[in-house]
Amino acid sequence: MMPQDFFARDVVTVARDLIGATLLIDGVGGIIVETEAYHHQDPASHSFNGPTRRNAAMFGPPGRAYVYRSYGIHWCLNLVCEAEGSGSAVLLRAIEPTEGVAAMRVRRGMEEARLLCAGPGRLCQALAVTREMDGSPVDRPPFALAPATSPPAIVAGPRIGISRAVDLPWRFGLAGSRFLSRPLPARKTLD
DNA sequence: GGTATGATTGACT
DNA sequence: GTCAATCATACCA
């Protein structure tokens, strides 16, 4: 399980460090291969204009889930970072399925492993994430989160699907993974 | 009260 | 490549 203070750090750092970590919800999940960072002072972030009913969890304690409805259709799962009131969170965009793959196939209504969790909406459908988990601590069941066992090769690029702050390279992915929602540049981040 | 918009996806030309 | 689905939120009156 993640150290308790893992999320109490800069949101961009946490987004990068989550690559290679393992996330399970009720035993279903896999290796996080794609994330994005969002911050209170970031015009693309839901928290940019301050707390609202929807983004309340973003302004709560770190280490909790922020779940929101996207386009009225999909759910998206974030992990709150930094400190209470900071309004920062990491969007989980893709997972390499390793556990409970049969359950994911039923929930997603498809066979192909590459598309089970390749995107924030698909990921939530495969892991059965809904509004009920908004604000839930992720350091206890049904969540199980374990850090990467070895330092993964990470690539960075601009975030997907936003219209503001489009140039910030706050999207991170596992280099060479075939489970990404979309390709990332082959350029590695500097450590 | 009305209405435009979106951290997406899947179907279709 | 284009486009509709579908609804909570944000903004305006």
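Everything quoted here is computed from the prediction, not taken from an experiment. Below, chains carry the letters A, B, ... as their sequence lines are ordered, and counting in each starts from 1.
Atom CG in Leu79(A) sits roughly 18 Å away from atom P in dA7(B) (whole-Å rounding). Note: CG (Leu91(A)) to P (dT9(B)) measures 9 Å, nearest angstrom. The distance between atom CG of Leu77(A) and atom P of dT9(B), rounded to the nearest whole Å, is 13 Å. For the pair Tyr66(A) OH and dA8(C) P, the computed distance is 14 Å after rounding to whole Å. What separates CD of Glu34(A) from P of dT8(B) is a distance of 10 Å, to the nearest Å. Atom CG in Asn49(A) sits roughly 9 Å away from atom C1' in dA10(C) (whole-Å rounding). For the pair Trp75(A) CH2 and dC7(C) P, the interatomic distance rounds to 11 Å; values are reported in whole Å. Between His39(A) atom NE2 and dA7(B) atom C1' the separation is 16 Å, expressed in whole Å.
For the pair Arg131(A) and Trp75(A), the cation-pi test (distance below 6.0 Å, angle within 45°) is failed. A cation-pi contact links Arg9(A) to Phe6(A), judged by a cut-off of 6.0 Å to the six-membered ring centre and 45° from its axis.
The pairing partner recorded for dA7(B) is none, the criterion being a Watson-Crick or G-U wobble arrangement whose two distances lie under 3.5 angstrom. Checking dT6(C) for Watson-Crick or G-U wobble geometry (two distances, each under 3.5 Å) identifies no partner in any strand.
Side-chain contact check for Val11(A) versus Tyr38(A): every heavy-atom pair is 4.5 Å or farther apart. Using a 4.5 Å heavy-atom cutoff, the side chains of Arg93(A) and Ser181(A) are in contact.
Residue Met110(A) is out of contact with every strand shown, counting any heavy-atom pair closer than 4.0 Å. When heavy atoms are screened at a 4.0 angstrom cut-off, Arg54(A) is found touching the sugar-phosphate backbone but no base atom. Residue Ser163(A) is in sugar-phosphate contact alone, with no base atom involved, counting any heavy-atom pair closer than 4.0 Å across all strands shown. No contact: Arg182(A) has no heavy atom under 4.0 Å from any strand. Residue-level contact check: Ile73(A) touches the bases, meaning some heavy atom is under 4.0 Å from a base atom.
The 5' end of DNA chain C is approached more closely, in terms of each residue's nearest nucleotide, by Tyr71(A) than by the other of Tyr71(A) and Arg131(A).
No side-chain donor-acceptor contact under 3.5 Å links Ser177(A) and Glu96(A). For the residue pair Arg108(A)/Gln125(A), the side-chain donor-acceptor check at 3.5 Å is satisfied.
In this structure, Thr52(A) reaches the dA10(C) phosphate: one of its side-chain N or O atoms is under 4.0 Å from OP1 or OP2. Residue Arg108(A) places none of its side-chain N or O atoms closer than 4.0 Å to OP1 or OP2 of dT9(B). Distances shorter than 4.0 Å separate none of the side-chain N or O atoms of Arg164(A) from OP1 or OP2 on dT5(B). The phosphate of dA7(B) (OP1 or OP2) has a side-chain N or O of His46(A) nearer than 4.0 angstrom.
Between the side chain of Tyr68(A) and the base of dA7(B), at least one donor-acceptor pair of N or O atoms lies under 3.5 Å.
The side chain of Arg69(A) has dC7(C) as its nearest neighbour among dT8(B), dC7(C), dA7(B).
Taking atom C1' in both dA7(B) and dG1(C), the straight-line distance is 23 Å, to the nearest Å.
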